[in-house]
Amino acid sequence: MTAPVFVVDDFGTDGSGHHVLDGPEGRHAVSVKRLRAGETVVLTDGAGRRAEGEVTGTEGKDRLIVRLGDVVEEPVESPRLTVVQALPKGDRGELAVETMTEVGVDAVVPWSASRCVTQWRGERGLKSLGKWRATAREAGKQSRRTRFPEVADAATTRQVASLLAEADFAAVLHESGTTPLATAELPASGTIVLVVGPEGGVSPEELDLFAQAGAEPYRLGRSVLRTSTAGTAAAAVLLARTGRWS
């Protein structure tokens, strides 16, 4: 089994090279995972830096003592993949973020599409955004990622269009697409931005605006996927074709 991952703000050690993992992460390691001396852990800042360590002991219920190895920084993946995810109903947004994190998406942009039943406003919107970000963090740990995906603030349609205009490859998943996403010509580097619409679909006005920004409609397959699973399936296709899964 691969070593469990814990998130730290810094990799500071004492004079003997030991790091104390405390707080919620330390409590999870000691009281939930029940790690013991001799076991291996990985510490990461979630932004690309990581270090392996060996547990040497525990203190109380929330302090794990780790002999830490060298801190290394993993290179940024390329091309960078951003998924613009229309807001689903209920907790299906967290499901989308969780599975997209697991497959390797680099950034998720929540999108308030015109046909979204759910709209993020005020405190409710901030709470929902917080859930998406917490989900990305936990899924990043679970999938043993060192660089967790960024979850941006909720974007308007015009903000999404601006993001698409800056991309090296921009696509909208839509049934009107005549080209399969699996055969699209992809860049070897730079940025890929993929738009996943709501259950009601991307409106004609939104499609027109995105087309003006350089994003063409592509079809994923013969079956119709829910918005909470379409992004994950499409991301898998793209990551496999760019070589990032090789």
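Please read all numbers here as calculations on a predicted model, not as lab measurements.
- Transitive grouping of hydrophobic side chains (ILVMFWY, heavy atoms separated by less than 4.5 Å) brings Val103 and Phe169 into a common cluster.
- Using modelled atom types, no side-chain atom of Asp22 and backbone atom of Gly26 make a donor-acceptor pair closer than 3.5 Å.
- With hydrogens and angles disregarded, no donor-acceptor distance shorter than 3.5 Å links the side chain of Gln119 to the backbone of Leu87.
- Inter-residue side-chain proximity for Phe6 and Val42 is flagged as unmet; no heavy-atom pair is nearer than 4.5 Å.
- When all heavy atoms of Ala234 and Leu173 are compared, the closest pair comes out as CB-CD1, 3.8 Å.
- Atom-to-atom distance recorded for Thr229:OG1 and Met100:CE is 10.5 Å, nearest 0.5 angstrom.
- Counting heavy-atom neighbours within 6.0 Å of Arg115 CZ, excluding the residue itself, gives a total above 12.
- With Thr118 contributing its side chain and Pro88 its backbone, the two residues share a donor-acceptor pair below 3.5 Å.
- With hydrogens and angles ignored, the 3.5 Å screen pairs a side-chain donor or acceptor of Thr99 with a backbone N or O of Leu95.
- Judged by distance alone, the side chain of Arg145 and the main-chain N or O of Arg147 form a donor-acceptor pair under 3.5 Å.
- Residues passing the side chain to side chain donor-acceptor pair (under 3.5 Å) test with Arg241, sequence neighbours excluded: none.
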Which atom pairs, donor and acceptor, lie under 3.5 Å between side-chain atoms of residues 11-21 and protein residues at least two apart or in another chain?
unit_1: Asp14; atom_1: OD1; unit_2: Ser16; atom_2: N; d: 2.9
unit_1: Asp14; atom_1: OD1; unit_2: Ser16; atom_2: OG; d: 2.9
unit_1: Asp14; atom_1: OD1; unit_2: Gly17; atom_2: N; d: 3.1
unit_1: Asp14; atom_1: OD1; unit_2: His18; atom_2: N; d: 2.9
unit_1: Ser16; atom_1: OG; unit_2: His18; atom_2: ND1; d: 2.9
unit_1: His18; atom_1: ND1; unit_2: Ser16; atom_2: O; d: 3.4
unit_1: His19; atom_1: ND1; unit_2: Gly12; atom_2: O; d: 2.7

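- The two residues Ser78 and Gly190 make their nearest non-hydrogen contact at OG-N, 3.7 Å.
- Rounding to the nearest 0.5 angstrom, the gap separating the CG atom in Leu164 from the CG atom in Leu194 is 9.5 Å.
- One finds a salt bridge joining Arg244 and Asp106 here, because a Lys/Arg side-chain nitrogen approaches an Asp/Glu carboxylate oxygen to under 4.0 Å.
- Between Thr146 and Thr44, the closest heavy-atom pair is O-OG1, 3.1 Å.
- Under the 3.5 Å distance criterion, the side-chain polar atoms of Ser31 are left unmatched by any main-chain donor or acceptor of His28.
- Closest approach of Ala167 to Val193, counting heavy atoms only: CB-CG2, 3.6 Å.
- There is a side-chain donor-acceptor pair under 3.5 Å between Glu206 and Ser114.
- Counted by atom type alone, Ser112 and Trp120 present zero donor-acceptor pairs between their side chains at under 3.5 Å.
- Salt-bridge formation is detected for the pair Arg67/Glu54: a Lys NZ or Arg NE/NH1/NH2 atom is positioned less than 4.0 Å from an Asp or Glu carboxylate oxygen.
- Judged purely by distance below 3.5 Å, without hydrogens or angles, the side chains of Thr135 and Glu138 never pair a donor atom with an acceptor atom.
- Hydrophobic clustering keeps Val109 apart from Val83 (ILVMFWY residues linked when any side-chain heavy atoms are closer than 4.5 Å, directly or through intermediates).
- When all heavy atoms of Leu225 and Ala230 are compared, the pair lying nearest together is CD1-CA, 3.9 Å.
- Residues forming a salt bridge (Lys or Arg N to Asp or Glu O under 4.0 Å) with Glu25 (at least two apart in sequence, or on another chain): Lys141.
- Here the two rings, on Trp132 and Phe148, have centers that are 6.0 Å apart or farther.
- Residues Leu35 and Val30 are not in side-chain contact: their nearest non-hydrogen atoms beyond the backbone lie 4.5 Å or more apart.
- At a cut-off of 3.5 Å, with distance as the only test, a side-chain donor of Thr2 or Arg144 sits close to an acceptor on the other residue.
- In this structure, CG on Leu238 lies 6.0 Å from CG on Leu81, to the nearest 0.5 angstrom.
- The salt bridge (charged side-chain N to carboxylate O under 4.0 Å, His left out) analysis of residues 148-168, with sequence neighbours excluded, yields the pairs Arg80-Glu150, Arg133-Asp153.
- Counting heavy atoms of neighbouring residues, nucleotides and ligands inside a 6.0 Å radius, atom CG of Asp70 does not exceed 12 of them.
- Atom OG in Ser189 sits 13.0 Å away from atom CD in Glu77 (nearest 0.5 Å).
- Every residue two or more places apart in sequence or in another chain that forms a salt bridge (Lys or Arg N to Asp or Glu O under 4.0 Å) with Arg226 is listed here: Glu199.
- Heavy atoms of other residues, nucleotides or ligands lying less than 6.0 angstrom from CD of Glu74 number more than 12.
- Hydrophobic clustering places Ile192 together with Val105 (ILVMFWY residues linked when any side-chain heavy atoms are closer than 4.5 Å, directly or through intermediates).
- Between the side chain of Thr227 and the main chain of Gly197, a donor-acceptor pair closer than 3.5 Å is present.
- Atoms CG and CZ, on Leu129 and Arg124 in that order, are 13.5 Å from each other to the nearest 0.5 Å.
- Summarising the geometry of Ala86 relative to Pro198, their closest heavy-atom pair is CB-N, 3.3 Å, with the distance given to 0.1 Å.
- Taking hydrophobic clusters as Ile, Leu, Val, Met, Phe, Trp and Tyr residues chained together by side-chain heavy-atom distances below 4.5 Å, Leu186 shares a cluster with Leu220.
- In this structure, Val151 is not a member of the same hydrophobic cluster as Val160, with clusters built from ILVMFWY side-chain heavy atoms closer than 4.5 Å.
- Contacts classified as salt bridge (charged side-chain N to carboxylate O under 4.0 Å, His left out) and involving residues 88-104 (residues at least two apart or in different chains) are not found.
- Note: Phe210 CZ to Ser203 OG = 8.0 Å, rounded to the nearest 0.5 Å.
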